[in-house]
Amino acid sequence: MNIALAIAIVTVAGLLGSVILVLAAKFMAVEEDPRIGEVAGCLPGANCGACGYAGCADYAKAIVESGAPVNKCVPGGAKAAAEVAKVMGVEAGATATIKATVRCQGKPGVCTQNFDYHGVSSCAAAAALYGGPKACVFGCLGMGDCVKACKFDAIHVVDGIAKVDPEKCTGCGACAAACPKSVIELSANMEQKPRVLCHNTEKGALTNKECQTGCIGCMKCQKTCPSEAIKVENFLASIDYSKCTGCGQCVEVCPKGVIVRP
């Protein structure tokens with residue numbers, strides 16, 4: 001009798017609890033704007049965070065509820081922006097084309113090695129050991145942390161150096177975030193324009209000892225550029241793509257082959 005009574009009490013309590021939860025869910029529910037789901041459906045679902053939000057769902061919510069710009073999805077590009085704009089009834093606006101570039105050419109035989117590394121095959125792990133095996137502490141370690149981070153199969157290690165496939169790259173920035181050397185750079189609207197494939201800010205004489213293809217800060221590129229789009233600061237050249245016309249004169253005068261065309 002006691003067992004049967006206990007079972008009955010537990011059963012009744014469970015049923016009452018269920019009824020209370022159902023009623024609470026019904027009367028206390030907060031209705032979600034259906035456009036959030038529609039906007040999320042227009043996004044690629046990469047959840048890369050390049051838009052500045054935690055993921056696609058968070059970005060979709062910000063667009064609908066807070067009026068966030070509809071053209072911030074880098075992987076989705078202009079297509080996603082146009083679809084989201086249609087849902088929201090607004091103009092999509094211009095969408096910048098962002099691509100990743102690995103600013104290093106220091107493959108084995110080109111860049112001097114300080115020691116042989118036999119540890120975990122990870123750039124982050126190698127970098128934690130005296131900055132890595134390369135004499136150039138700014139160079140790509142080529143162990144593929146960026147490859148593992150990329151969701152679009154747009155970056156691979158070739159001859160010991162990470163290489164980006166611009167056709168597949170969406171500019172999400174996951175590879176750059178994974179690189180412990182910060183050697184991967186994201187730039188907008190740089191199609192068919194030269195790139196500086198070096199990240200070393202040491203003095204030219206030291207860079208020259210460490211790597212055959214390192215920028216030595218000679219300033220020939222800066223002096224030659226007719227549009228003043230290239231500057232040498234901290235012994236390293238950098239290009240302002242808003243000024244660069246893609247003439248290629250900097251490529252021609254660089255004595256180390258650091259500045260290259262895509």
Side-chain angles (χ1 to χ4, degrees), residues 46-55 73-75 96-190 193-202 206-207 210-215 233-239 241 256-260 262:
N47 294 312
C48 61
C51 59
Y53 296 90
C73 179
V74 176
T97 301
I98 299 175
K99 300 292 181 181
T101 298
V102 179
R103 296 188 63 180
C104 181
Q105 298 182 95
K107 62 184 180 181
V110 171
C111 184
T112 305
Q113 298 285 111
N114 281 336
F115 59 88
D116 291 328
Y117 176 76
H118 299 287
V120 178
S121 184
S122 162
C123 299
L129 184 64
Y130 305 111
K134 284 188 172 182
C136 174
V137 296
F138 300 88
C140 172
L141 295 173
M143 295 180 190
D145 289 19
C146 53
V147 177
K148 297 171 186 174
C150 181
K151 298 180 180 179
F152 304 96
D153 191 38
I155 188 166
H156 298 92
V157 175
V158 180
D159 293 332
I161 297 292
K163 299 289 184 182
V164 176
D165 182 344
E167 296 298 320
K168 293 182 178 180
C169 179
T170 64
C172 71
C175 57
C179 178
K181 293 294 186 175
S182 300
V183 76
I184 303 177
E185 179 182 75
L186 298 175
S187 299
N189 302 321
M190 61 180 190
K193 294 182 180 180
R195 292 99 190 269
V196 179
L197 300 189
C198 182
H199 195 239
N200 194 324
T201 57
E202 295 174 315
L206 181 56
T207 300
E210 296 171 344
C211 183
Q212 297 174 26
T213 58
C215 179
E233 296 179 341
N234 295 323
F235 310 102
L236 179 64
S238 62
I239 299 173
Y241 289 108
K256 302 293 289 183
V258 172
I259 307 175
V260 302

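The first residue in the sequence is number 1, and the count goes up from there.
- Residues Y241 and P194 share a closest heavy-atom pair of OH-O, 2.8 Å.
- Listed for the R103 side chain is no donor-acceptor partner under 3.5 Å among the backbone atoms of L197.
- At distances below 3.5 Å, at least one donor-acceptor pair connects side-chain atoms of K134 with backbone N or O atoms of C140.
- Considering all non-hydrogen atoms of both residues, V258 and G214 come closest at CG2-C, 3.5 Å.
- In this structure, the separation between NZ on K151 and SG on C175 is 12.5 Å, given to the nearest 0.5 Å.
- By the 6.0 Å contact criterion, NZ on K193 is enclosed, its count of non-hydrogen atoms from other residues, nucleotides or ligands being greater than 12.
- When side chains are defined from C-beta on, S187 does not count as touching T101, because their heavy atoms never get closer than 4.5 Å.
- For the atom pair N114 CG and C136 SG, the distance stands at 10.0 Å (nearest 0.5 Å).
- Between Y117 and L141 there is no side-chain heavy-atom pair separated by less than 4.5 Å.
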**Verdict with reasoning, V110 to I161, per side-chain contact (heavy atoms from CB on, under 4.5 Å)** = CA-CA 11 Å; V110 171; I161 297 292; over 6 Å; no
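- For D145 (side chain) and A124 (main-chain N/O), a donor-acceptor pair under 3.5 Å exists by modelled atom type.
- When all heavy atoms are compared, the tightest approach of P166 to V164 is CD-O, 3.2 Å.
- Looking at K181, its side chain does come within 3.5 Å of a backbone N or O of G131 through a donor-acceptor pair.
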**Message:** Apply side-chain contact (heavy atoms from CB on, under 4.5 Å) to residues L236 and C198 and explain how you reach the verdict.
**Reply:** CA-CA 8 Å; L236 179 64; C198 182; 4.2 Å; yes
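- Heavy atoms only, all atoms of each residue included: C111 and A135 are closest at SG-N, 4.5 Å.
- The minimum heavy-atom distance between G142 and C123, with the atom names listed, is N-SG, 4.2 Å.
- Of the possible donor and acceptor atoms, one in the side chain of N200 sits under 3.5 Å from a partner among the backbone N and O of E202.
- Separation of atoms OG1 (T112) and CD (Q212) is listed at 7.5 Å; rounding is to 0.5 Å.
- For Q105 (side chain) and C211 (main-chain N/O), no donor-acceptor pair under 3.5 Å exists by modelled atom type.
- Between the side chain of K99 and the main chain of C169, a donor-acceptor pair closer than 3.5 Å is present.
- The 12-atom threshold is not exceeded at OH of Y130, counting heavy atoms of other residues, nucleotides or ligands nearer than 6.0 Å.
- Rounded to the nearest 0.5 Å, atoms CD1 (I259) and CD1 (I239) are 5.5 Å apart.
- L186 has its side chain out of reach of V74: every pair of non-hydrogen atoms, C-beta onward, lies at least 4.5 Å apart.
- Smallest separation of non-hydrogen atoms from T170 and F152: OG1-CE1, 3.4 Å.
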